[in-house]
Amino acid sequence: MTKEENEKRLAYLKGIVSRLPEKPGSYQYYDENHTIIYVGKAKNLKARVSSYFHTEVDRFKTKVLVSKIHDISYTVVNTEEDALLLENSLIKKYNPRYNVLLKDGKTYPSICITNEYLPRIFKTRTINKKWGTYYGPYSHVGTMYAVLDLIKQLYHPRTCNQPITKEGVENGKYRVCLDFHIKKCMGPCVGKQSYEDYQRNIQQAREILKGNTRQVLRDLKEEMERLAEELRFEEAEEIKRKYIALDGFVTKSEVVSHTINNVDVFSITSDEKMAFINYIHVSNGSINQSFTIEYKKKLNESDEELLQLGIAELRERFKSDAKEIIVPQEVNVELENVVFTIPQRGDKKTLLELSIMNGKQYKFDRLKQAEKLNPEQKQTRLMKELQEKLHLPKLPYQIECFDNSNISGSDAVASCVVFKAMKPSKKDYKHFNIKTVEGPDDYASMKEVVHRRYKRQIEEEQPLPDLIIADGGKGQMEVIRQVIQDELNLDIPIAGLAKDDRHRTNELLYGFPPIHVALKTNSELFHVLTHIQDEVHRFAIEFHRNKRSKRALLSELDSIPGIGPKSRDELLKGLKSVKRIREAELSALVEILGQKKAQIVYDHFHPSEAAEQAE
């Protein structure tokens with residue numbers, strides 16, 4: 001698009017904006033193909049739409065959206081509530097490119113009560129409102145099965161798939177099935193249970209699915225007392241069984257306060273890309289619905305904007321008519337005859353905290369599910385998190401960490417471990433014998449090893465790490481910096497893992513001069529970093545132990561006059577250890593070394609026998 005064409009486009013759009021009414025409504029943006037790319041809502045259409053075309057708009061994504069707009073349309077409505085509902089319905093209908101994407105959990109099961117002459121009750125993932133009435137969906141499948149089991153226990157609805165009609169029942173067209181004989185069905189298809197009684201049971205099941213369990217309990221109690229007064233004790237006993245079963249189910253459910261009735265609770269948990277909105281409905285003090293939806297962000301939408309959309313979507317979906325909505329923050333929208341409450345304490349605050357907890361758990365479960373299907377997603381997330389924490393120029397795909405190991409300066413060694421994509425790359429691990437340092441000098445040893453490591457990497461044109469981690473604090477970091485930046489002229493970020501007085505890692509350091517980087521000690525990233533630290537410790541100590549053991553093994557054989565390296569190696573090859581050489585008979589030694597050298601070795605380990613022979 002040329003500059004002149006763009007100016008003409010903007011002039012056309014600003015002309016539309018100047019004519020917009022100052023009333024509530026919904027607006028739609030179109031691209032050059034006249035496809036809706038964004039839907040919004042406003043208390044004041046003119047003020048809201050004109051804000052997109054201000055020169056001081058500084059959000060990059062908003063600027064991109066404005067650059068794609070070629071036409072604008074709008075719909076005026078009476079109230080802000082109508083504008084919110086219209087916006088929500090248009091977003092679902094057109095799925096515009098720059099609007100949030102609703103992932104509405106259509107795969108969750110619901111409970112259906114059919115519209116048949118003798119209705120059936122069952123779980124389903126297919127919604128067709130011609131078949132019946134649907135309750136749900138249930139994000140927690142266990143809760144759904146608990147409700148279904150209760151209904152089956154109380155009312156024994158039929159489970160057969162026969163298309164039963166009134167005429168068929170009257171004409172004796174049907175026969176009872178196994179469920180009737182095992183008392184899981186009362187036989188309404190053959191008139192064993194009256195049509196009126198069956199429908200009464202179905203109606204009570206509907207009330208339970210709506211969450212009106214306490215009303216059902218009251219009705220059962222009244223019926224039980226009436227039957228008892230009429231001396232119909234067997235029927236009263238059957239009602240009592242239902243009452244006890246339903247009361248037991250209610251007491252297990254989440255009860256906050258019997259004074260809270262018909263209230264909606266909404267909370268939002270969000271990050272840069274996604275927002276999760278949890279909905280809880282409370283009726284008669286009991287939670288009878290909990291559901292979470294997720295939105296994929298497109299234009300850095302605020303929590304308030306997304307919460308408004310979520311409230312409209314979920315209240316419409318669950319046909320809620322609650323007159324009070326509990327929310328965690330101010331919501332700049334007015335709904336007819338609805339009061340918004342931001343609780344500070346008490347039972348309503350408890351409900352809000354429960355909703356927040358559910359939203360966070362849903363987010364965590366979705367993350368784990370995605371990472372289970374694609375393990376690389378977790379590694380990338382952790383690399384991005386570390387990159388953001390340290391402000392690194394690129395993802396820290398290859399991380400290297402160094403450690404020294406010595407005892408009073410003896411057998412000084414060092415090790416380097418390599419992690420790629422947050423996982424150990426053991427084939428790239430390296431051991432180093434300290435060559436130029438005398439005595440226990442960790443700084444000098446580290447300086448030697450780092451210089452040797454990266455000088456060789458440069459000479460062999462091997463890939464350099466994206467991040468070096470010093471197993472220590474500021475001192476170790478400075479030594480590595482001197483080698484990397486001052487001596488080798490390399491630009492590799494350097495971090496440090498420092499320990500507290502109890503020798504436990506408690507902080508991540510970065511930069512020069514090093515500063516403390518906030519990192520929760522129970523976070524996944526912290527666990528990965530400490531795993532890197534533990535791994536380099538293990539590798540260094542293992543190498544040091546092996547070297548020390550080898551030196552101890554060889555020193556005693558090397559101290560025997562007349563026995564050289566070749567004879568020593570032959571003895572170890574034949575007898576495997578110094579202990580076996582010490583305990584071996586002379587004849588066994590002769591087979592390996594011959595008479596003369598065997599006698600020297602035998603006398604060395606048996607000095608008393610050698611002294612007796614000399615006398």
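For the single chain, residues carry numbers from 1 onward in sequence order.
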D466-Q398 side chain donor-acceptor pair, cut-off 3.5 Å | no

Would one find more than 12 heavy atoms of other residues, nucleotides or ligands at under 6.0 Å from atom CD of E460?
-> yes

May I ask you to say whether D428 pairs ionically with K420, meaning some side-chain N is under 4.0 Å from a carboxylate O?
-> yes

Reported SG-to-CZ distance for the pair C416 and R452, which is rounded to 0.5 angstrom = 12.0 Å

Compute whether any side-chain donor of one residue and acceptor of the other, for Y38 and Y94, lie under 3.5 angstrom apart.
-> no

Side-chain donor/acceptor of E301 to backbone N/O of K298, under 3.5 Å = yes

Counting N and O atoms only, with roles assigned by atom type, does the side chain of K474 sit under 3.5 Å from a partner on the main chain of P514, one being a donor and the other an acceptor?
-> no

Are the aromatic ring centres of H531 and F419 under 6.0 angstrom apart?
-> yes

Say whether E87 and Y27, considering side chains only, have a donor N or O and an acceptor N or O under 3.5 Å apart.
-> no

Distance-only polar pair, side chains of E400 and Y454, donor-acceptor under 3.5 Å | yes

Check: G475 main-chain N/O paired with E478 side-chain donor or acceptor under 3.5 Å = no

Please output the side-chain donor-acceptor pairs of residues 273-280 that fall under 3.5 Å, not counting sequence neighbours, one pair per line with the distance.
from : atom 1 : to   : atom 2 : distance (Å)
N278 : OD1    : S355 : OG     : 2.7
N278 : ND2    : F291 : O      : 3.4
N278 : ND2    : T292 : OG1    : 2.9
Y279 : OH     : D264 : OD1    : 3.0

Any side-chain donor-acceptor pair under 3.5 Å between Q28 and S73?
-> yes

Please lay out, stage by stage, how Y29 and H70 fare under the test ring-ring contact (aromatic ring centres under 6.0 Å, His included).
-> CA-CA 7 Å; Y29 294 155; H70 284 258; over 10 Å; no

